[in-house]
Protein chains: 2
Amino acid sequence: MNILELLKIHGKETKHRKGEHVFKQGELSKFLYFIHSGLLKAYYMSADGKEYVKSFITAGNSICSLTSAFAGKDCSFSLVCLEDSSLTRIPFSVLVEYGDKFHQVSRQVNDMLLEFSMKKEKREYQFLCLSAEQRYRVLMEEQPEILKQVTQIDIAGYLGITPVALSRIKKRTTVG
Amino acid sequence: MNILELLKIHGKETKHRKGEHVFKQGELSKFLYFIHSGLLKAYYMSADGKEYVKSFITAGNSICSLTSAFAGKDCSFSLVCLEDSSLTRIPFSVLVEYGDKFHQVSRQVNDMLLEFSMKKEKREYQFLCLSAEQRYRVLMEEQPEILKQVTQIDIAGYLGITPVALSRIKKRTTVG
DNA sequence: CTATCGCATTAACTTGGGTTAAGAGTTGTG
DNA sequence: CACAACTCTTAACCCAAGTTAATGCGATAG
């Protein structure tokens, strides 16, 4: 038994149009989502209505709200489709349950968590050690496709700055 | 078999004086460290000699360099003792090996990774959505002991600002 | 075709943080 | 004790980014 087989048995495929939410901040969502196609945005919304982009999720990747799926609390962020998208979701509890019975499932969950942890650590590093301009350069090098698919509003939200500041950075970096 | 027992068999206890490094950026360190007593600092050093504090590690917690222990690369950060400290280290490979044989070990590793992931996600949130001043307030509320034990230089390094900026924030928040 | 809406750019002004440097405690050590 | 090393604060100045607002440019709807 492995995760691929679990997905066939317990997974449910869903399709979403551009603009649709998969889940919203404040709700519960005890699923792990695998993205087959499309593009999604995970984002926080502050009390005063400002949006902060946690991550973009592309085909081949997965996402879940750990605080909801694992810790049982409300989702701290929302997940919305920036393009028409196709996903398969599986209850987190199924992974836990089968993880107890089958080594390989447990091992695969472990690997996913390790990958996830390293990704988060990398982003932490970028916020801690790099300037907004440096973060933009890294994004340009590592995920140039994202820059083409997404508005500057969302890119700015991902970098932790305003669209105005991003426009200035672009001007600086292309001219300079 | 569980991690506590594994620590008794394969763990090695070490004591370190204030100022000593447990491992340094650029080295390999394929261990997971459990802190019994003391206080440690994980930090990045940039090419131009600037220090950025990744985290403070207190008694009862654990730390490892995922990129070194799991991915086999060099450590991207250093680990140094801010106080005399006592740790137990265990090779990451032992956890992997026994994780394959014993469910409970695998489950415990899973739980540790989940805790770690949620911690990182929280820090990501703070950098993305909060100002330096707000991050300082959160630190004051959630880990007031740290503020007493650590220099402002390190606090500032943890918040992603300079000691001068931290001093200004303190003035603003105590007067205002 | 035109009106509207959302996106990107630019300007003007404000603000928070970086940089440098000086001065006032503290701590530690010979 | 005296000196050195370090920490913290404060001031002065600079720059990056936030804010607000105006403009131009598609795309889409009517």
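Predicted model, so just to flag it, every value in this text is computed and none were measured. Below, chains carry the letters A, B, ... as their sequence lines are ordered, and counting in each starts from 1.
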Give one of base, sugar-phosphate or nothing for A:Ser167, where a contact means two heavy atoms less than 4.0 Å apart.
base
Run the side chain to side chain contact (heavy atoms under 4.5 Å, CB included) test against A:Val164 and tell me which residues pass, sequence neighbours left out.
A:Thr162, A:Arg168
Do the rings of A:Tyr158 and A:Phe56 sit parallel, tilted or perpendicular, given the 30° and 60° boundaries?
tilted
[X] [atom1] - [N] [atom2] separation (whole Å):
X	N	atom1	atom2	value
B:Ile153	D:dA5	CD1	P	15 Å
A:Gln134	D:dC15	CD	P	18 Å
B:Leu82	D:dC6	CG	P	16 Å
A:Leu159	C:dA8	CG	P	13 Å
B:Leu130	D:dG18	CG	P	14 Å
A:Gln149	C:dC7	CD	C1'	17 Å
B:Glu133	D:dA17	CD	C1'	17 Å
B:Gln152	C:dA24	CD	C1'	15 Å

Does OP1 or OP2 of [N] have a side-chain N or O of [X] closer than 4.0 Å?
X	N	result
B:Arg172	C:dG17	yes
A:Lys171	C:dT9	no
B:Lys50	C:dT19	yes

Validate the cation-pi geometry between B:Arg123 and A:Phe127: distance from NZ or CZ to the six-membered ring centre under 6.0 Å, angle to the ring axis within 45°.
no
Can you tell which of [options] lies closest to the side chain of [X]?
X	options	value
B:Thr162	C:dA8, C:dG18, D:dT10	C:dG18
B:Thr151	C:dT19, D:dT7, C:dC7	D:dT7
B:Ile169	C:dG17, D:dC8, C:dA11	C:dG17
A:Ala165	D:dA17, C:dC7, C:dT9	D:dA17

B:Phe77 and B:Phe23: aromatic ring centres closer than 6.0 Å?
yes
Shortest non-hydrogen contact from B:Lys120 toward A:Lys120
CB-CB, 3.8 Å
Closer to the 5' end of DNA chain D via nearest nucleotide, is it A:Ile161 or B:Leu166?
B:Leu166
Presence of donor-acceptor pair under 3.5 Å, side chain of A:Arg168 and base of D:dG18
yes
